[in-house]
Amino acid sequence: MTSPRPLLSLQGLSKTFGSSRVLNQFDMTIYDGEFFTLLGPSGCGKTTILNMIAGLETSDTGSILLDGQDITGIPAEQRPVNTVFQSYALFPHMTVFDNVAFGLRMAKVAKAEIPARVREALEMVKLNHLADRKPAQLSGGQQQRVAIARAVVNRPKLLLLDESLSALDYKLRQQMQIELKRLQRQLGITFIYVTHDQEEALSMSDRVVVMNNGRVQQLGSPREIYENPANLFVARFIGEINQLRGEVVSVESDHTYEVKVEGLQWQLQANHNFTPGTKVHVLLRPEDLRITYIDEDHKDQFLTGTVVERSYKGSTLDSLIRLESGIELTTSEFFNEDDPSFDYRPNQKVAVNWVPGWEVVLPVLQEDDQ
Amino acid sequence: MIRIFKWGYLSLILALIYLPIAVLIVNSFNAAKYGNKWGGFSLQWYQKLFNNDALIEAALNSLTVSIVAASVATVIGTLAAVALHRYDFKGKGLLSSMVFVAMLTPEIVMAIALLIVFITLGISLGFVSLVIAHITFCLPFVIIAVYSRIKDFDMRMLSAAKDLGANELRTFWEVILPLILPAVLSGWLLSFTLSLDDVIVSAFVTGPSYEILPLKVYSMVKVGVSPEVNAISTLLLGISLVLVVVSQLLIKKDH
């Protein structure tokens with residue numbers, strides 16, 4: 001693959017609203033044709049970044065370069081960037097056709113060319129048959145599609161999507177995720193998607209940036225972010241995770257350490273450099289944990305605990321296990337009717353371990369306990 | 001029993017409201033000069049009315065003042081409402097509360113205040129002073145009518161227009177105006193009616209050279225209700241009714 005071409009470059013963007021700093025020296029490069037997601041809790045600054053790219057908000061410092069050209073001072077209406085808004089923001093007095101045609105009319109596209117372009121855009125979201133309806137006569141999912149058609153009709157270099165699926169119900173949301181991805185491939189337009197929903201971020205994106213308090217926490221592919229969270233915030237924000245405390249006993253080799261966790265010694269992998277005596281977090285995804293019967297001969301290879309709860313989730317069976325130290329672990333196992341090991345009852349004593357190497361070991365920082 | 005009472009009560013109220021108007025309309029077609037007996041159907045009072053140049057002139061003056069004042073007040077009021085909603089500026093809170101103050105000011109106070117202003121500025125009392133005065137008291141009604149419509153807007157719709165390449169003017173013209181049009185129209189109609197039948201402020205700020213209908217009628221009834229007054233009132237009522245129906249149809253069509 002040829003190396004990707006940078007399309008958008010954000011340099012040192014900062015923004016302060018009153019006394020609160022929403023964005024702090026934010027830098028980011030977004031490549032041509034990628035599906036890029038800004039993920040974070042509400043108030044992390046992700047929507048502010050989106051509005052700055054669209055030109056709907058100004059930054060206090062920094063600059064925005066699109067295709068190598070500085071667009072920081074260019075007003076929104078002149079930027080080759082379009083947005084799909086959270087509430088769709090369709091024009092209620094116009095038909096679906098007129099909504100989609102709006103951008104073309106503003107761009108002074110030849111009158112004769114407009115109907116074909118509108119139909120083409122509506123075709124893409126499969127809404128041609130509803131062109132004469134008013135937005136109020138459409139379902140939420142249909143309105144969503146109109147908003148997308150309206151935003152792509154001008155063939156922007158960049159499409160911004162602001163929590164665009166959050167108003168839809170679960171099933172429709174999943175369907176739209178697939179469709180958005182398809183549309184992005186079909187159009188070849190760069191998508192920048194803003195969401196607080198980690199599942200959406202993981203399933204659609206080429207790259208994700210996780211943000212908190214106006215700062216980048218981690219940038220990477222969905223897989224990197226899920227499997228190798230850079231810090232405790234990312235680990236907690238993306239999916240469920242169990243958190244144990246440990247202490248490095250000795251360094252075995254590069255990135256392999258003897259770590260004492262819950263009174264037992266484990267050989268763990270870590271991307272960080274630790275010295276003996278360092279306090280660490282040992283993080284484990286629920287699906288990486290295994291439950292077995294207690295085996296007296298190998299007691300030092302398992303954590304022991306009591307089953308507190310079992311809940312059937314369809315494809316998985318989740319358990320809550322309280323370790324002897326009082327820490328509770330969530331486990332999630334794929335359901336297998338032939339496997340008798342699924343027969344644990346609440347209050348039963350069980351042994352827990354995990355697939356070696358699937359743990360995430362992070363240093364304990366002062367701010368972690370806040 | 002309750003049914004009878006209910007209907008009786010309703011009829012009484014309707015009678016109180018509409019009977020005087022009905023009597024007035026009937027009398028405008030009454031051949032007898034005095035309204036206490038029916039002298040047969042006749043259009044003579046209308047004929048007389050149209051031959052009464054002074055009354056017709058006053059009516060035309062009134063229409064002119066009302067149309068001009070209502071139109072100017074609607075333009076200024078609509079823009080003011082949009083500004084109050086869209087932009088943040090110093091003194092915005094003060095300005096929006098002043099709208100209510102202006103609306104609640106007793107008419108007599110406003111009349112005297114305006115008179116003082118006109119005399120101080122040396123504006124001669126007549127058409128100009130009347131229009132300015134009428135714009136002043138119509139303005140708050142337009143602002144409130146339009147603002148109450150615009151405040152339910154999804155602001156992101158305006159961002160969307162901008163995002164799609166519309167500048168401020170086109171956003172206003174293509175998105176804001178079509179959506180607030182019913183409120184703008186009802187603001188205009190309200191202003192028109194307020195202006196058309198205003199007596200108190202007009203009495204203070206107009207001069208002898210420019211007579212308007214309410215004041216003319218007022219001075220005519222001082223010497224007794226002439227059937228011509230009935231005729232012109234009936235005509236005014238007809239105009240108002242047509243306007244109300246038109247505005248209702250416009251609003252209905254919009255939804």
Side-chain angles (χ1 to χ4, degrees), chain A residues 17 47 50-57 74-95 98-109 118 121 134-137 143 146-156 158-164 167, chain B residues 74 78-79 81-83 85-93 145-189 246-255:
Chain A
F17 285 124
T47 299
L50 205 72
N51 285 339
M52 283 175 181
I53 300 172
L56 298 169
E57 226 168 89
I74 294 178
E77 60 264 33
Q78 288 165 25
R79 295 190 185 188
V81 171
N82 286 117
T83 311
V84 179
F85 291 87
Q86 187 174 11
S87 54
Y88 317 141
L90 298 175
F91 306 127
H93 58 296
M94 297 183 194
T95 61
D98 291 335
N99 263 283
V100 178
F102 188 84
L104 295 172
R105 286 200 294 119
M106 292 305 123
K108 301 202 167 62
V109 170
V118 170
K134 289 270 179 80
Q137 297 167 294
Q143 290 185 28
V146 177
I148 293 170
R150 187 178 67 171
V152 300
V153 77
N154 277 48
R155 297 170 191 156
L158 200 57
L159 187 71
L160 310 175
L161 299 109
D162 183 12
E163 307 246 0
S164 302
Chain B
T74 302
T78 301
L79 294 178
V82 172
H85 182 249
R86 280 200 75 178
Y87 306 113
D88 271 315
F89 49 88
K90 235 183 182 167
K92 179 175 165 172
V146 176
Y147 186 80
S148 65
R149 171 101 185 178
I150 210 172
K151 79 177 194 316
D152 298 332
F153 262 37
D154 179 2
M155 283 301 278
R156 266 178 283 225
M157 210 158 56
L158 306 182
S159 299
K162 205 167 150 64
D163 185 67
L164 291 164
N167 57 26
E168 287 284 307
L169 194 64
R170 295 209 78 173
T171 304
F172 176 78
W173 206 246
E174 307 239 4
V175 180
I176 299 177
L177 192 60
L179 288 170
I180 59 172
L181 199 59
V184 173
L185 285 175
S186 67
W188 189 89
L189 287 166
V246 167
S247 73
Q248 288 299 312
L249 285 177
L250 279 171
I251 289 169
K252 248 199 181 140
K253 204 181 145 199
D254 183 74
H255 284 286

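Every chain is numbered from 1, with letters handed out A, B, ... down the list of sequences.
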Subject >> Heavy-atom pair with the smallest gap, counting every atom of B:Met157 and A:Leu90 >> reply: SD-O, 3.3 Å
Original post:
Would a 4.5 Å heavy-atom cut-off, applied to side chains only, mark B:Val175 and A:Phe102 as touching?
Top reply: yes
Subject >> Interatomic spacing from CE in A:Met94 to CG in B:Leu179 - rounded to 0.5 Å >> reply: 8.0 Å
**OP:** Mind listing the closest non-hydrogen atom pair of B:Ala160 and A:Ala89 along with its distance?
**Re:** CB-O, 3.9 Å
**OP:** Please round to the nearest 0.5 Å and tell me the distance separating atom OG1 of B:Thr171 and atom CE of A:Met106.
**Re:** 7.5 Å
Subject >> B:Leu164 versus A:Asn82, closest heavy-atom pair with distance >> reply: CD2-ND2, 3.7 Å
Original post:
Between B:Arg170 and A:Glu77, is there a salt bridge with N-O shorter than 4.0 Å?
Top reply: no
Subject >> Side-chain donor or acceptor of A:His93 paired with backbone N/O of B:Glu174 under 3.5 Å >> reply: yes
Subject >> Closest non-hydrogen atom pair between A:Gln86 and B:Arg156, with its separation >> reply: OE1-NH1, 3.4 Å
Original post:
Picking from A:Ala54, A:Gly55, A:Pro92, which has the most non-hydrogen pairs under 4.5 angstrom with chain B?
Top reply: A:Pro92
Original post:
Out of curiosity, B:Asp154 CG to A:Phe85 CZ, how far, rounded to the nearest 0.5 Å?
Top reply: 9.5 Å
Original post:
Picking from A:Asn51, A:Leu56, A:Thr83, what satisfies side-chain contact (heavy atoms from CB on, under 4.5 Å) with B:Ser159?
Top reply: A:Leu56
